[in-house]
Every structure is written in structure tokens, then in C-alpha cells.
Number of protein chains: 2
Amino acid sequence: MKKISPTIRDVAAAAGVSVATVSKYMNGAQRFSAPVEAKLKAAIAELGYRSNPLARSMITGRTRTIGLTILDISNPHFTNVVKGANRIALRHDYTLLLVDTDENQARERPLIEALAQRVDGLIVSSRMPDEESQWMLDLDKPLVLLRRSEGLPIPSVGIDNRLAAYMLARHLLNLGHRHIAYLGFGQARINDERIRGARECLDEVGLALDVHDAHAPTAHAGEHACSRVMLGPRRPQAVICYNDLIALGFMKEAASLGIRVPQDVSVTGVDNVPYGEYAAPALTTVDIQSEKMGELAMQKLIDALAGHAEIGHSMFEPRLIVRDSTAAASH
Amino acid sequence: MKKISPTIRDVAAAAGVSVATVSKYMNGAQRFSAPVEAKLKAAIAELGYRSNPLARSMITGRTRTIGLTILDISNPHFTNVVKGANRIALRHDYTLLLVDTDENQARERPLIEALAQRVDGLIVSSRMPDEESQWMLDLDKPLVLLRRSEGLPIPSVGIDNRLAAYMLARHLLNLGHRHIAYLGFGQARINDERIRGARECLDEVGLALDVHDAHAPTAHAGEHACSRVMLGPRRPQAVICYNDLIALGFMKEAASLGIRVPQDVSVTGVDNVPYGEYAAPALTTVDIQSEKMGELAMQKLIDALAGHAEIGHSMFEPRLIVRDSTAAASH
DNA sequence: TTGAAAGCGCTAACAA
DNA sequence: TTGTTAGCGCTTTCAA
């Protein structure tokens, strides 16, 4: 027996008041006379009434939902972003509408446009270049980008990628490495920034950076790329990987090729995903504070929703985490 | 200049037809005469009209959204569940409303009740015992549980936990281990099933299982528990951990205690999270097909939404993955 | 094939 | 403090 849920009218009738009174009561909008309040309380409890959020949203125009689009929830970096964003959302009584675009560029725009209609605001992680992202402005919803948005008047949260790569390069130089390779992911917008950072550092001492591409930001791609990088004509002493997943895969494959990390090659990642610590050897990386990024992005969005709009880029500072996958050059 | 988005009435006016006609056109409900169709198409394109999903939902009662509550998105097992569920949802044009309850039991019920009002159906992962979950039936929405629900008439998806643990115990017995410990997580409902499975196997050869508790399903908890298990009075030859995260943490701490895995102690996990493969040593575990669980749960829910309701438990078969963290007993 | 009209459940002026 | 009333943007009979 499926009971239809009671409406505000049922409550009004049961309590002997008007629907407006019930509405105000539900929203805690004002004070009520004792008898009315008592009757309302009783009627609501009796019927098990809960106001319909859809109907309310249609009028108020607010859904208390935040849309979050990410490229791949399997990537621990994004997992942590979600975790952080969710924590702040929950605290402010918002819910997350999650869209995992699965690294599928074509799908991204329609998915985001559809999402925008059902939420109060969006946090977007996308690989789309700024020049092709103009349409985001037409969504007409508060937005926060998870990256630096140079050309767009949209607040954003990110990390100093140039500095992160610079720090890794510096660390490797300090260890005595001279031939350093970069195993990147060209599709990512931030890949260029990282290359630039590493180059900048090597330039200072007159060294060149060998750039390779893994074609995907995954451990599997790192495994695949390893032999290409390590068994090619110019074998590097150290490899800076685009992210920890690629580095993890790279190290695993190196082991099966009989190449020892860090004795034969030093390896670094970026992201500080939770499992780099448990890898063999533990991964040297740069902490980019993924969870805090999610938190700040959500906080910015909620602030914007509350009228404290503020367009600007917030940049977290990278922090080098030295573990066992990097060691002094041997020669 | 913020342009208000056009309504169905604007389109009707621009096209010189009624709102009913526009509505039907938007829903592809029927055929139209050529001139009407042309005018509609033009007006819609001109105004950039997109129908308001909220208003539609209020009438139809459907939101094309599925609620998914999980205990902790940071746990790769749940990450994969989300991934799988999302894939199927996307395919059927549904969106995921994600709630991460953060292992917070008290919050669970109100969060789920609120969520239920905004979605067409829910997939729920919870630690609440069946006896305390009666209220879920009153949500009046199609539901799928991510676990076995003995007492509840709710479809569910899970894994054969008894068998999973049995397999691990058997594997360790085959390797010659006699003193086997279990490092569990008592809060989890399935913990008992796993204990039972391992006990059953050991019973067959007249051995006992030493049961410990890690108090959390995390790598950190595993690290913490390691010395307690390994430096206590009865040091085990092998440890079956509740999940891979605990096992990963356990192995890391073992290394810093100077205990070698697998020479001094064999360690296993459960879940087959993506990073067990990159750990040192690579982790022996049981694959529970997290992603497929998410997919199936979503598929069941979508079927139920389409009227093909079917209450029943679907159980995936565990699969033993032997890697390097287990080895023959040395004595 | 098209349109008129009656709501969906609720909020928000405004009046009383 | 409480009630009346007019919608929010859309779908859905039902009639034309």
C-alpha cells in the first residue's frame, strides 16, 4: 500500500490554518502563537510531512546543490578534491551533484550545461582551453574553476605548477643528476606549466630537459611509457612524471625491466596521492593539497552564492615530499 | 547584463504557437506539421531555450537523478563503486547525487532521508544493521543496498565475504602457515562474515584464528595495529586483513619494525584496490569487483525504475589474486 | 495536429 | 500573527 506523501495543503487542513502559515512555519520565518504552533507541530508529526524540495526550488530558484565535474574519480587527486568539497558542502547544508566526465572531452560541454540547470553553482575541472570555454560564462551560475583561468573572469583554485616542477628539478639537480627527463601528459593544460618550470630550473645550469609523453594520466600509461623512456637512445638518470599515478606505473615497469629505482634512475611524481607512501620504493613527490583545493573551491563558491563574489585565482603552494624513489646520482 | 533565461512561454510567443505545442515538441511526444516544426526550431535556437528540469520534475515526479550514499569516497573500493555506478547512470541519462557520509553513523539517516526527496532512487552503502534500517522502506523510493540484506525486502548487491576469507585462509594454509591472525574492522557488518569464513577453513584442520581489530578501515589504522599484532605474545605467521588499506598500512609499519613481508609474515588484504599492485611487496588480495558492483547496483535500480522490480541479492564471486606479500612458511 | 485550461506543491507579496 | 491570492515553468487532459 503506497501512501502518497502529504502536501502542505494536507497539513494546513489538519492543523486548521492556511498554507501560508504552514509554509512560514516550515521555513522558520517568524514566530507563532502558541496554539497555532502546537497544532502545526502535531499535524506535521501526525502526517509525517516533509516539504517538497523541488517545489520550493522552483520558486526560490535555489536547490542547495552544487555541481562538481571532474575528469576521473578513479584518480586519487580528484577523489581528494571531492572529499574536501563534500566536507565544506555538507557543513553548509549543500549536496554534491557529481559528474565524472571520464576524460571525455566531447561529452563535457553538454553534461555541464545540463548540470548547470539543476544546481546553484558549479565547480569545474576541465581540460578545455580558456579560449574554448567562453560558453561557461553563459551558464549564468556562479562558477569556480579547478585550474588557473587566465582569460576568463571566473574565480579559480589551483596550484603553482611551474614552481612544483621547478622544485622537483632543483631536488634532482641537487642530487647530482644531469640528464633529466620529463614524462608528461600533453592533454593536460597544466602540462606546459610543469615543463616550463622544470626547464627554467635546468636552464640555470645549462642543461636540457628531455620531454616524453605518457598519453594518459594513469599508472597503466606510466608502465607503458617506461621502456620507451628508459631503453631509448638517451637514458635519463632521473624522471619527473606528470603525476604520481604515472610515476607508480613507471616504477613498477622499471622493476620488471631490471632497472632499479632509485639506484639506476630517480623517479618523482606530483600530487602526493595517498598510496605513493606505500609504493616500492616510497615515491618522492610534490604535495598539491588536493583536499584543501576542493575545500577552498567549495568555500569560494558558497561565498559567491552568498553574494561575496570575488574573481581571482587562489594558488596553493606546492611542498616537496622526499621519499625513497630519488637518490644521489651514482658515477 | 544578466539575461533571464527564456521560458516555454517566450518560445510559444516567438513561434506563434501554444505552450502545449512547445512542450510536446520538447518532449518529442508526437509529429508536427512542417511549418510549425520549422518555427519551433527557429524560435528555440533563436532564444537559446532549454526547458527547466525543475519545473518538469515537479510535474512528472521524476528527476533523472540517482542518489548514492557511500561511507568514504577516499576508500578506493568506494571510488570504484562510484565509477561503475556513474558509468551506467550516464549511459541511461541519469546523474549521480553523491553523499559521502564520512563514516558518520549519526548523520546517515537524516542525510539519506533528505536525499530521497530529490532523487528517483537510491543506492545505499551503510553500516546500519538490518533491524535498524526499517525506516528505509518508508522512503518510498526504489532502493538498492550495497551489501546483503537478509531481513529487508530490498534488492542488494554484494560479494560472498565468507568465501573470500575462506579462500585467503586456504591459500595461507597451503603455504604451510599454522598460526594465522585476522586483523578486522568490527564496525563493518561484513566483518563477522569474513571471520566466519576464515574460521571455517581453519576449523577443518583444527586450527584457531587469532582475531584483532584495527578500529578503522584505513591504511593509518593498519599501521597503528601492526605492532600490537606482531609484537604481542602470539606472533602470527600470516595476517588476513579486513581490507587492502589496512594491509598496506600494516606492511609499511612492519617494514619499519624490521619485520620482513613475506619472509617473516605473510599479509593479505581484501578489495583489490588499484594500488596494492604498486605496494612493496605487491599485495596478495581478493578481487571483489568493486566497479562491477557499482554497475550492477545501478543497473538494478534503473531496472526497478523502469518497472522491472526484482528483490533479490546478487553476489559476485571473489577471486584470489596472489602477489608477493604471501609466501611459504619458513620453519 | 494544435490549443485552452487546470494544476504540480510551494513561496511571497500584500492585506487583514 | 495569520490568511488570500497570484504565480514559479512546466505537463497533461480534453476539446477543437
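Every chain is numbered from 1 and lettered A, B, ... according to where its sequence line falls, protein lines coming before strand lines.
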> Got Ile112(B) and Trp135(B) here, is their nearest side-chain heavy-atom distance under 4.5 Å?
Replying inline: yes

> Does the side chain of Pro76(B) come within less than 4.5 Å of Asp271(B)'s, by heavy atoms?
Replying inline: no

>> Please report the end-to-end axis angle for the helix from dT1(C)-dA16(D) to dA16(C)-dT1(D), five pairs per end, rounded to 10 degrees.
In response: 30°

> Pairs in or reaching into residues 27-46 of chain A: which pass side-chain hydrogen bond (donor to acceptor under 3.5 Å, both in side chains), with residues at least two apart or in two chains?
Replying inline: Asn27(A)-Arg56(A)

> Could you give all pairs that pass the side-chain hydrogen bond (donor to acceptor under 3.5 Å, both in side chains) test and reach residues 106-129 of chain A, with sequence neighbours left out?
Replying inline: Thr63(A)-Asp120(A), Glu103(A)-Arg127(A), Glu108(A)-Ser126(A), Arg109(A)-Glu113(A), Arg118(A)-Thr65(B)

Please tabulate, for the side chains in residues 299-306 of chain B, all donor-acceptor contacts under 3.5 angstrom to protein atoms that are two or more places apart in sequence or on a different chain.
| unit_1 | atom_1 | unit_2 | atom_2 | d |
| --- | --- | --- | --- | --- |
| Gln299(B) | NE2 | Asp303(B) | OD1 | 3.3 |
| Lys300(B) | NZ | Ser156(B) | O | 3.3 |
| Lys300(B) | NZ | Gly312(B) | O | 2.9 |
| Lys300(B) | NZ | Ser314(B) | OG | 2.8 |

> Can you list, by residue number, the residues of residues 6-32 of chain A that have a non-hydrogen atom closer than 4.0 angstrom to DNA chain D?
Replying inline: Val17(A), Ser18(A), Ala20(A), Thr21(A), Lys24(A), Gln30(A), Arg31(A), Phe32(A)

> Do any of residues 41-66 of chain A sit with a heavy atom less than 4.0 Å from DNA chain D, and if so which?
Replying inline: Met58(A), Ile59(A)

Side-chain donor-acceptor pairs of residues 11-24 of chain B under 3.5 Å, sequence neighbours excluded:
| unit_1 | atom_1 | unit_2 | atom_2 | d |
| --- | --- | --- | --- | --- |
| Ser18(B) | OG | Ala20(B) | N | 3.4 |
| Ser18(B) | OG | Thr21(B) | N | 3.2 |
| Ser18(B) | OG | Thr21(B) | OG1 | 3.1 |

> Which residues pass the side chain to side chain donor-acceptor pair (under 3.5 Å) test with Gln105(A), sequence neighbours left out?
Replying inline: none

>> Tell me every residue that passes ring pair (Phe, Tyr, Trp, His ring centres under 6.0 Å) with Phe32(B), counting only those two or more places apart in sequence or in another chain.
In response: Tyr25(B)

>> If you compare all heavy atoms of Thr7(B) against all heavy atoms of Tyr49(B), which two are closest, and at what distance to 0.1 Å?
In response: C-CE1, 3.6 Å

>> Distance check, rounded to the nearest 0.5 Å: Thr79(B) atom OG1 versus Phe78(A) atom CZ?
In response: 13.0 Å

> First and last nucleotide of DNA chain C in contact with chain A, 5' to 3', at under 4.0 Å to a heavy atom: what are they?
Replying inline: dC8(C) to dA12(C)

>> If the condition is side-chain contact (heavy atoms from CB on, under 4.5 Å), which residues does Pro110(B) pass it with, not counting sequence neighbours?
In response: none

>> Can you list everything that forms a side-chain contact (heavy atoms from CB on, under 4.5 Å) with Asn52(A)? Sequence neighbours excluded, please.
In response: Leu54(A), Ala55(A)

